[in-house]
> 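Encoded as structure tokens, here's the structure I'll be asking about.
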Amino acid sequence: MLIRQSAELTENDVTDEALYLRRREFIAGVAGIGAAGLIAPAAMAADAPATVKFSPNKMKIDETPTPFADVSTYNNFYEFGTDKSDPAANAGSLRIAPWTVAVDGLCQKPRKFDISDIVRRFPLEERIYRMRCVEAWSMVIPWIGFPLSALLREVEPLGSAKYVAFQTLNDPKQMPGQRRNVIDWPYREGLRLDEAMNPLTLLSVGLYGRLLPRQNGAPIRLVVPWKYGFKGIKSIVRITLTDRQPRTSWQMLAPDEYGFYGNVNPDVDHPRWSQARERRIGELLRRKTLPFNGYGDQVASLYRGMNPKKLY
Ligand SMILES: Nc1nc2c(c(=O)[nH]1)N[C@H]1C(S)=C(S)[C@@H](COP(=O)(O)O)O[C@H]1N2
Ligand SMILES: [Mo]
């Protein structure tokens with residue numbers, strides 16, 4: 001089902017009023033960006049905000065989503081500080097409009113995408129994913145986004161492209177955590193091209209039926225549910241197709257602790273702690289961590305023949 005203007009909604013469409021209200025907020029959020037000048041006035045008159053739609057429940061798991069209050073206040077986003085509470089407290093200084101994402105490197109048609117163009121062009125869907133941080137906590141998050149593959153197809157990757165590199169905004173004025181050299185800014189991540197093209201891999205622009213809170217990586221971030229959370233780079237400004245394995249922030253910072261792949265593997269301990277179990281935020285007892293975070297059916301084949309010890 002799509003978001004439509006209220007006049008077009010029938011009683012049947014509004015079975016879950018809470019969901020409907022949240023969708024209205026999502027519309028309002030995007031329209032709000034428009035008011036700040038992101039969506040061109042002509043485009044707004046023509047088709048926005050009614051065109052900002054998402055299909056709910058495209059992919060569900062049988063686990064309760066972590067409450068929004070936790071999802072939006074217990075975050076890692078070192079650009080705003082290294083404590084879990086820092087991003088929610090400090091991310092207000094991030095300007096999310098205007099915002100462009102450059103997609104370049106080994107492709108036929110490198111280009112810049114305006115964020116308003118992205119939310120209108122790519123069909124947005126809701127997917128409830130299990131997420132797990134390498135620090136052994138986990139959440140279940142109802143993301144709104146679209147497959148990264150759709151964006152990459154638009155720039156037509158060359159046959160020589162083997163990897164995709166990602167970069168976060170680098171602006172210490174907006175991101176106070178960047179005034180300290182905890183990381184060699186900008187934050188960087190990478191995927192192999194086949195991982196990037198896997199249908200599970202999302203670019204997310206929202207969660208819980210609303211636009212992404214800044215602390216969760218507004219206006220656009222990566223979501224790779226079978227990998228540890230650090231792969232999910234936030235507030236992306238550049239995506240580059242390349243023939244060489246990109247260096248990633250955590251790998252550069254601590255190569256003995258974090259590898260390029262970052263696949264969730266309960267059998268490979270972090271050098272300083274076990275990865276066998278995890279604390280689901282909001283629960284008391286620890287859960288067993290699943291290989292590939294439970295997404296092995298969809299992704300294990302990507303790593304066939306590789307040494308699982310090297311896939312962390
Ligand atoms: N730019 C940037 N992206 C980042 C991080 C960061 O510090 N900076 N932290 C990562 C880590 S370690 C985790 S666990 C997730 C947390 O994402 P969440 O706040 O949406 O749960 O973001 C990842 N993406
Ligand atoms: Mo993390």
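This is a predicted model, so every value here is computed, not measured. Just so you know, these numbers use all the heavy atoms, side chains as well, and skip hydrogens, waters and symmetry mates.
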> Checking R132 against T289: is there a side-chain donor and acceptor pair closer than 3.5 Å?
yes

> Go through L191 and K227 one step at a time and tell me if the side chain to side chain contact (heavy atoms under 4.5 Å, CB included) criterion holds.
CA-CA 11 Å; L191 294 173; K227 292 180 181 269; 3.9 Å; yes

> So does F113 get a backbone contact from the side chain of D117, meaning a donor-acceptor N/O pair under 3.5 Å?
no

> Quick one: does any side-chain atom of S274 pair with a main-chain N or O of D269 as donor and acceptor, under 3.5 Å?
no

> Is it the case that the side chain of Q178 and the backbone of D171 share a donor-acceptor pair, with hydrogens and angles ignored and the cut-off at 3.5 Å?
yes

> Measuring from atom OG of S85 to atom CD of Q215, what distance do you get when rounded to the nearest 0.5 angstrom?
11.5 Å

> Without placing hydrogens or testing angles, list every side-chain donor-acceptor pair under 3.5 Å for residues 145-158, not counting sequence neighbours.
{"from": "E154", "atom 1": "OE1", "to": "R121", "atom 2": "NH1", "distance (Å)": "2.8"}
{"from": "E154", "atom 1": "OE2", "to": "R121", "atom 2": "NH1", "distance (Å)": "3.3"}
{"from": "E156", "atom 1": "OE2", "to": "K109", "atom 2": "NZ", "distance (Å)": "3.0"}

> For W137 and Y74, take the angle between the two ring planes, folded into 0 to 90°, and tell me which bin it lands in: parallel under 30, tilted 30 to 60, perpendicular over 60.
perpendicular

> Please check: side-chain N/O of R221 versus main-chain N/O of N216, any donor-acceptor pairing under 3.5 Å?
yes

> I'd like to know if the side chain of R179 reaches the main chain of P172, judged simply by a donor and an acceptor atom lying under 3.5 Å from each other, with no hydrogens or angles considered.
yes

> Cation-pi check for Y261 against K231: NZ or CZ below 6.0 Å from the six-membered ring centre and within 45 degrees of the axis, yes or no?
no

> Less than 4.5 Å apart, side chain to side chain, heavy atoms only: is that true for R280 and R130?
yes

> May I ask you to decide if P142's main-chain N or O and E126's side chain share a donor-acceptor pair within less than 3.5 Å?
no

> Just by distance, do the side chain of Y187 and the backbone of Y78 share a donor-acceptor pair under 3.5 Å?
no

> Could you tell me the separation between the CG atom of N170 and the OG atom of S235, rounded to the nearest 0.5 Å?
12.0 Å

> Decide yes or no for V101 and L203: does some side-chain heavy atom of the first lie under 4.5 Å from some side-chain heavy atom of the second?
no

> Taking atom CG of L222 and atom CG of L202, what is their separation to the nearest 0.5 Å?
8.5 Å

> What's the separation between atom NZ in K58 and atom CD1 in I144, rounded to the nearest 0.5 Å?
13.5 Å

> So for atom CZ, which belongs to R180, do other residues, nucleotides or ligands contribute more than 12 heavy atoms lying within a distance under 6.0 Å?
no

> Is there a path of hydrophobic side-chain contacts, each under 4.5 Å between heavy atoms of I, L, V, M, F, W or Y residues, that connects I61 with F68?
yes

> Under the criterion side chain to side chain contact (heavy atoms under 4.5 Å, CB included), I'd like the reasoning laid out for W143 against L212: C-alpha separation, chi angles, the key distance, then a yes or no.
CA-CA 9 Å; W143 297 107; L212 281 180; 4.0 Å; yes

> Starting from the C-alpha separation in whole Å, work towards a yes-or-no answer on ring-ring contact (aromatic ring centres under 6.0 Å, His included) for Y228 and Y258.
CA-CA 10 Å; Y228 291 118; Y258 307 104; 8.6 Å; no

> Given the rule in the side chain to side chain contact (heavy atoms under 4.5 Å, CB included) test, do F230 and E189 qualify, once you have shown the distances and angles that lead to the verdict?
CA-CA 8 Å; F230 62 86; E189 257 309 331; 3.6 Å; yes

> Give a yes or no on whether R247 atom CZ has more than 12 heavy-atom contacts from other residues, nucleotides or ligands under 6.0 Å away.
no

> Heavy-atom distance under 4.5 Å between the side chains of L169 and M175, does that happen here?
yes

> In the structure I gave you, are the side-chain heavy atoms of T248 and R188 within less than 4.5 Å of one another anywhere?
no

> Begin from the C-alpha positions of W99 and L94 and carry the test side chain to side chain contact (heavy atoms under 4.5 Å, CB included) through to its verdict.
CA-CA 11 Å; W99 190 279; L94 177 66; 4.0 Å; yes

> Indicate, with yes or no, if L290 and V264 share a hydrophobic cluster defined by side-chain heavy-atom contacts under 4.5 Å among Ile, Leu, Val, Met, Phe, Trp and Tyr.
no

> Is there a side-chain contact between K84 and N75 in this structure, where contact means two heavy atoms from C-beta onward sitting under 4.5 Å apart?
no

> How long is the gap from CG on D194 to OH on Y163, to the nearest 0.5 Å?
9.0 Å

> When clusters are formed by joining ILVMFWY residues with side-chain heavy atoms under 4.5 Å apart, either directly or through shared neighbours, do V182 and L253 land in the same one?
yes

> Just by distance, do the side chain of Q275 and the backbone of V134 share a donor-acceptor pair under 3.5 Å?
yes

> Quick one: does W226's side chain get under 4.5 Å of Q298's, heavy atoms only?
no

> Are any of the side-chain heavy atoms of T66 and M131 separated by less than 4.5 Å?
no

> Check whether M306 and L302 end up in the same hydrophobic cluster, where Ile, Leu, Val, Met, Phe, Trp and Tyr are linked by side-chain heavy atoms less than 4.5 Å apart.
yes

> Does K309 reach the main-chain N or O of V268 with its side chain, forming a donor-acceptor pair under 3.5 Å?
no

> So if you build clusters from Ile, Leu, Val, Met, Phe, Trp, Tyr with side-chain heavy-atom gaps below 4.5 Å, do W273 and W250 land together?
yes

> Is there a donor in the side chain of D114 and an acceptor in the side chain of S116, or the other way round, less than 3.5 Å apart?
yes

> Ignoring hydrogens and geometry, is there a side-chain-to-backbone donor-acceptor pair from S72 to A88 under 3.5 Å?
no

> Any side-chain heavy atom of P110 sitting closer than 4.5 Å to one from L241?
no

